[in-house]
Amino acid sequence: MDTLRIKDITLDFPGVRALDNVSMSFKTGEVHALVGANGAGKSSLFKTISGIYPHYRGKIYLGDKEIKAKSPHEMLKEGIYCIYQEVDTSLVPELTIAENLLLYEIVNTKKFNTFSWQTIYDRAKNILKDVGFEKELPNVKEKVANISVAQRQIIAIARALASNASFILFDEPTSSLSSKDVEKLKAIIRGLKEKDLGIVFVSHRLEEVFDISDRISVLRDGKYIGTKEKDKTSPEEIVSMMLGHSLEEQFPIAPHTSEDETVLKVEGLWYKNKVRDVSFELKRGEILGIYGLVGAGKTELLHLLYGNIKPDKGKIILKGKNVRFHIPKDAVKRGIFLIPEERRKQGLFLEKTIAFNIGIANLDRISKGIFVDKEREIELARTMKEELKIVASSVLQFVDFLSGGNQQKVVVGRWIQKKGDIYFFDEPTKGIDVGAKSEMYRIISELAKMGKSILFITPEIPEVMGLCDRVLVMFDGSIVAQMRKDEMDPKRLLAYATGGSKE
Amino acid sequence: MKKILVILSIFLLLAVFATGAFAAKYSPDSLLGGGVKNVKVALVNEFTLGQWQAQYISGVLSMFNDVGIPQSNIFITDAKFDRAKMISDLKTAIAKNVDIIIINHGAAEGLKPIIQDAVNKGIVVVTVDLALGMDKVVETNQDDYLLAYYSLMNLIQDFGGKAKIGVVWVGGFTPMEKRRKILDLLLGEFPGIQVVANYGRATQNTVGDTMEQTLAVLKAHPEIDAFWASWDQFAQGVYNALKQTGKKIPIYSIDISPEDISMMREKGSPWVATAAADPYELGRIDVRLALIELAGEKAPKFYLHPAVLITQDMVRKLPEGKYLSKKYVSAWGESGKFWPEWLKKLAKKK
Amino acid sequence: MKTTNFIYKYGVIIAIIGLLVIFSGLLPGQFLTFDNLMNIMTSITITTLVAGGVTFSLVVGGFDLSVGSVASLASMLAAGMMVFSVQPAWVAILVPLIAGILIGLSNSFLSIKLRIPDLLATLGMMYVARGIQLVYCRGNQIFSKMNIITPHGIHQAPGTITKNFLFIGQGKISGIPFMIILMLVIIIIGHIILNNTKLGRLMYATGGNPEAARLSGIDVAGIKTIGYIFSGVLAAIGGIVLASYLGSGQPNAGDAYLMDAVAASFIGFTFLGTGIPNLPGTLIGAIFTGVLMNGLTMMNVPYTAQDIFKGLVLVGALALRAFKNK
């Protein structure tokens, strides 16, 4: 058995201490989860160990030997292999699986001429056989661009095994996987553990952490909080370690009554093969969930209703009137607002301030004539900052530097003061920490209490159960089930969402 | 916005500290007594492309050198046909407090007010091939009327007054406008001469552009009997086009250079004649005129540099490796003009 | 880190002051005179106007390469309106402006409706504008009472470039060239539009993140079109000033401003650490290159070598930006 020990690791960035005297140790033959809220230092620690931040202070030992994490390449030589969240960054999509597997070898060899395609393919197959992934990657001549994210991760893992790594570190490996692939990855990780490798596993999702790890370490604000044996702790305890206090109530039980008045009615909506014959109604004051797995057509449905893409067929009836939106501006004018899925890509102006990001959708409110009144702009942003509890030194801070949860609140804050009735939330809690999540739930339920109607996309069953009055389950572009709150049941939801049963 | 205003006011403040120094007065004696070492001169060129310019500029520089004006006192600019830049260059020359500015080509429209500033500051201004009509400016020119007349009459004689010709010409340059007038005059005189194609553009790649245009013209007008190229850069373009197509259509042109001569000398060359004035000597004369003005003596208001016709026969008689000189063409080389005694002494002293 | 930030924010201004000090030391009594400083400002006036056009296109997330040709076209149209068509000054100003608007519309049509990448669309329009200009003047300069050659012979153009029109580029108001004042006023107005109006907010949003802008209810296509129209108009104003400054229309005379304008805009990014296209920065960027070029000319550095310095300055500014983004 080998150990990977870190001692008094401190990592400073200009103005920020990302890691503060962190010490812990990992063992081979175990799966060790590293958890923490956003900004706790998980990624910083991961990147320090992988050699990306060579300016750290402190010591790293492999067994009794001190090693210096100077570069990823150096760490690889020591047998420590890191698989990044964006697995694509270490792969070349235009090359074949075989070439990617042997990439380091091809690049570093001095006898380049002696390689033949056949040798490369044969060696790649042998490697896959040795590490036991021949079933997962049957065709080594396939281009990486054409395979799934899970398969790409397998290439990265196979590379690690082929280079005789003793420790493999994963940074949020499941964040871009479908649930089927998550299960597969978990199985692979268990297999690695049996091969006596040490697995370090950074994750947001407590559910999977408890599923596969043996020990769980918690970081908070760059400090090491503690390590627990999985069997001797509970999710509640870990969450309270992450938060620094126990989480009383994740989902607000804000009573609100959905009325009978139909605000939005959709009839027979089609879009390519992504959305098929979708019909439903949204009531005033209702939180209507849309649950489904990745690729079920949830996002496309919202964008159809928002005018961002045009339906091939079907009717959208807003308060009894047939509407047709050419661009999202038309929807916004009619009081429909979207909080998009990818907040950095689709929601925010990263190089701009909080005030700009909120003001941009409220220009009429903050202007006198054609001129923007900067005081009003700041005033509005301050109101939103307080109301939504956005943590920032000032509303003139650039949004790029805010945490994910605060960024999400800025996007929401853009719409709160507008006269509107319908809010579309597309996975609003994706990648934000536990505290921000419950804030987001509070905001959504408050909006519903004010009589706004909410369409809420989520791939998380607890969110459906905890927040929604009613849920539509989508599978392969169609709505396969509708359930009222009292009918909801995790197993049924998952069964419908995976296409396991039809109504 | 405030910041810009602050910066601007810094500019203005700094300007207040600056004082406009007036050019010191010179006399023949003070120049001879070593004063010439302090004379600062500028040569502001509209462009320096082509052999004519090379000869003219080296003439100017050789004369500066002969009289002992130090290299470091000579300020040269090249606007590369960018007339906005030429205006700015002229302003820069004035700001450098030079005593003499020689302005080589250019357009009167934008330059006139700036030249007036220079004159007001007591700077001696000599222009070449730039029609200004301003007091206190010495204007020198090649004899463009005669240049055009010689080359065109040579064409008309060769064809007995009947020919379809291609004209390569560009407007907007003083000498060009003058040459054009002679063409129009002679076209009226000789109705048998017909202009079937009319083109030409002054660019940084005049030879190449003219060549391409000529190739197109040759396709459109196979009936052309002769080309009149109003500038040797044009003639070179036409020459290249004819060489490429193998056609033997005679070229009559204006201006000459070593490069032109080698083209004219080539076996079977279609370039039969060119009218030219010696640009090197013109450059030297311009410097002498400027120095005479600087020394407080009176230089003539206008100077016209004489033109001659140079035929293929004449250049073929040149010995290998020799360029035109007084020996072969009497109008070439040292003209002996504008050499007051003190200036001769100044040149000898060096 | 603090020092790099400081250099990033004020680098261009420090550099300008540094250049002023160096050149006035090397060229005593020559460089730092009112006349020479005005000369520098006039020499960058047209560049700044054209660069203002580039900046507007950059603000909305485009990149207008046609500005130089638009300036050429505008200057030829302005001169031609007076010389060929004997129109008064206001027509000679209006027609080029309309041409600028039309080119702006074409640029946005190509990039938005036909989805041609901005660089290629505007590159195409660059050639189109240049071609229209050359066809219009038949490759010749346009000046008062010029000779016009037609197949039927030669005749003199009927009109002249009017005194009123010449005032734009050659007139002075209490010793300061009018064109400098005009340029500053336009830059100030442009800056107010970008920084203080709803339209400016929408433009920056569109350029900053088009997808987020669209989903925030902004008519991205419309705003981008307006950006390109501004670009065309500013370039056209540059061309009008050029025609007046030269007192004639020179074919392709505006083309040379494109690269200087692009350089000024990008140097301007760093101004005050904004990292985004902005007009005061563009002006400062143009002043910086103007001071440098003027000083080098005065030092008798050959024109050909000056391009090397210009290139180094641009690369330096961009490197500073890349360094900051790290």
Side-chain angles (χ1 to χ4, degrees), chain A residues 12-15 302-303 306-309 325-352 355-374 377 398-400 410-411 414-415 418 420 424 426, chain C residues 1-9 58-61 112-113 188-226 269-278 281 321 323-326:
Chain A
D12 283 322
F13 290 111
L302 274 201
H303 285 249
Y306 197 55
N308 198 32
I309 46 178
F325 302 139
H326 296 286
I327 49 173
K329 188 183 181 182
D330 302 333
V332 171
K333 268 194 202 153
R334 305 294 292 269
I336 300 178
F337 310 128
L338 170 74
I339 289 87
E341 181 183 5
E342 313 262 347
R343 63 180 164 272
R344 291 178 70 89
K345 207 170 136 249
Q346 303 174 311
L348 292 166
F349 305 100
L350 293 170
E351 293 166 334
K352 295 287 181 182
F356 181 100
N357 273 277
I358 291 177
I360 194 68
N362 297 281
L363 288 175
D364 287 329
R365 168 184 288 268
I366 60 171
S367 300
K368 285 182 191 149
I370 61 163
F371 292 103
V372 174
D373 182 341
K374 291 195 177 171
E377 185 182 32
F398 292 99
V399 293
D400 200 6
V410 171
V411 181
R414 182 179 291 160
W415 301 123
K418 284 190 76 95
F424 295 164
D426 195 350
Chain C
M1 196 61 197
K2 266 194 178 155
T3 24
T4 42
N5 247 335
F6 183 77
I7 291 173
Y8 181 72
K9 270 190 178 177
L58 291 171
V59 166
V60 295
I112 296 163
K113 288 276 182 263
I188 291 170
I189 293 174
H191 181 63
I192 290 173
I193 290 175
L194 282 178
N195 246 40
N196 297 61
T197 67
K198 290 195 256 186
L199 180 62
R201 287 283 195 287
L202 296 174
M203 284 177 147
Y204 271 121
T206 299
N209 185 347
E211 199 175 351
R214 187 174 154 89
L215 294 177
S216 305
I218 295 172
D219 177 5
V220 170
I223 297 297
K224 200 166 175 187
T225 304
I226 294 175
F269 273 32
T270 61
F271 183 56
L272 298 183
T274 51
I276 50 172
N278 67 99
R321 187 159 168 257
F323 184 70
K324 168 80 193 314
N325 284 349
K326 263 187 178 173

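Computed over heavy atoms, backbone and side chain alike; hydrogens, waters and symmetry mates excluded.
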Heavy atoms only, distances under 4.5 angstrom: which of C:Leu199, C:Ile218, C:Leu202 has the most pairs with chain A? Name it, please.
C:Leu202
Selection from A:Phe337, A:Tyr306, A:Phe398 maximising heavy-atom pairs under 4.5 Å formed with chain C
A:Tyr306
Can you tell which part of C:Ala213 gets under 4.5 Å to a heavy atom of chain A, answering side chain, backbone, both or neither?
both
Does any non-hydrogen side-chain atom of A:Lys374 lie less than 4.5 Å from one of C:Asn195?
yes
Interatomic distance, OG@C:Ser216 vs CD1@A:Ile358, rounded to 0.5 Å, equals 11.5 Å
For the atom pair CG (A:Leu363) and OG1 (C:Thr197), what is the distance rounded to the nearest 0.5 Å?
9.0 Å
A:Pro340, A:Ala331, A:Pro328: which one forms the most heavy-atom pairs within less than 4.5 Å of chain C?
A:Pro328
I need the residue from A:Lys329, A:Arg414, A:Arg344 with the largest number of non-hydrogen atom pairs under 4.5 Å to chain C.
A:Lys329
Kindly give the heavy-atom pair with the smallest separation between A:Val372 and C:Lys198, and that separation in Å.
CG2-N, 3.6 Å
So CD1 of A:Ile360 and CG of C:Asn209: to nearest 0.5 Å the spacing works out to 11.5 Å
Heavy-atom pairs under 4.5 Å with chain A: which of C:Ala205, C:Gly208, C:Gly200 has the most?
C:Ala205
Most heavy-atom pairs under 4.5 Å with chain C, out of A:Ile327, A:Asn308, A:Val332, A:Leu338, belong to A:Asn308
Rounded to the nearest 0.5 Å, how far apart are CD of A:Glu342 and CD of C:Glu211?
8.5 Å
Choice from A:Ile370, A:Leu350, A:Asp373 maximising heavy atom contacts with chain C below 4.5 Å:
A:Ile370
By side chain to side chain contact (heavy atoms under 4.5 Å, CB included) - contacts of A:Lys352 (at least two apart):
A:Phe349, A:Phe356, A:Asn357, C:Tyr204, C:Ile276
Give, for atom CG of C:Leu215 and atom CZ of A:Arg343, the distance between the pair rounded to the nearest 0.5 Å.
15.0 Å
